[in-house]
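Working notes, beginning with the structure itself.
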Amino acid sequence: MVDEHDDRHDDREDEVRSDGENGFWLYDLKVETVLDGRTPVCRHIEGESFAVEGEALVFAEGQRVSMYAMAAVLPFLPAKQRETSASDWMTTDAEIACPDPHCGGRFRISRAGKRWFTHAETTGLPDARSKPYWRKDEAE
């Protein structure tokens with residue numbers, strides 16, 4: 001049996017702000033190293049963290065993350081930024097393990113504030129573009 005409903009678009013209209021701009025919300029994230037008594041093999045320092053703001057990874061001065069361990073967490077960040085169902089494991093499960101099976105390090109991902117992005121600021125489609133969101137505060 002073929003389902004006539006296309007699950008890739010859940011029948012919600014695109015969000016429209018009061019100024020008429022079509023867009024979407026993304027959560028800012030905090031990604032923190034946690035050990036909870038486990039022994040790390042890779043460079044995991046309890047409490048070190050970074051933020052995700054839009055597409056940017058933001059590190060405070062002196063904070064570091066193993067690139068091998070980072071490879072495990074990166075694929076989950078875009079999904080954690082988006083709205084998900086309360087029953088979705090992406091909503092309820094917050095820790096990603098280091099890919100080294102002998103390492104006790106984990107990354108705890110928590111959602112922070114939400115940030116609005118317009119389609120025109122984020123698309124690559126030539127006929128739909130405006131100034132990129134990361135440049136919108138620059139003077140013309």
Worksheet item: For the side chain to side chain donor-acceptor pair (under 3.5 Å) test, which of Arg115, Glu53, Arg82, Glu83 pairs with Tyr27?
Response: Glu83
Practice prompt. Could you check Asp28, Thr91, Thr84 and say which one makes a side chain to side chain donor-acceptor pair (under 3.5 Å) with Arg111?
Written response: Thr84
Worksheet item: So do the side chains of Arg106 and Arg38 get within less than 4.5 Å of each other, counting heavy atoms only?
Response: yes
Item to complete: Please name the pair of heavy atoms, one in Leu77 and one in Phe50, separated by the smallest distance, quoted to 0.1 Å.
Response: CD1-CE1, 4.3 Å
Worksheet item: Between Trp89 and Phe76, what is the ring plane arrangement, given parallel below 30°, perpendicular above 60°, and tilted in between?
Response: perpendicular
Item to complete: Return the minimal non-hydrogen interatomic distance between Cys98 and Ala69, and the atom names on each side.
Response: SG-CB, 4.1 Å
Worksheet item: Which atom pair, heavy atoms only, marks the closest approach of Ala86 to Thr92?
Response: O-CG2, 3.6 Å
Item to complete: Report the distance from atom OG1 of Thr39 to atom NE2 of His102, rounding to the nearest 0.5 Å.
Response: 13.0 Å
Worksheet item: Is Ile109 reachable from Met70 through a run of hydrophobic residues whose side-chain heavy atoms are each under 4.5 Å from the next?
Response: yes
Worksheet entry | Non-hydrogen atoms of Arg43 and Arg64 that approach each other most closely | NH1-O, 3.3 Å
Discussion item. Within the structure provided, determine whether Lys80 and Ile96 are in side-chain contact (heavy-atom separation under 4.5 Å).
Written reply: no
Discussion item. Is there a side-chain contact between Val65 and Glu48 in this structure, where contact means two heavy atoms from C-beta onward sitting under 4.5 Å apart?
Written reply: no
Response to the item:
Nearest heavy-atom approach of Gly54 to Phe117 is CA-CZ, 3.5 Å
Worksheet item: Just how far is it from atom OG of Ser49 to atom CZ of Phe107, taken to the nearest 0.5 Å?
Response: 11.0 Å
Worksheet item: What heavy-atom pair brings Asn22 and Trp116 nearest, and what distance separates the two atoms?
Response: C-CZ2, 4.1 Å
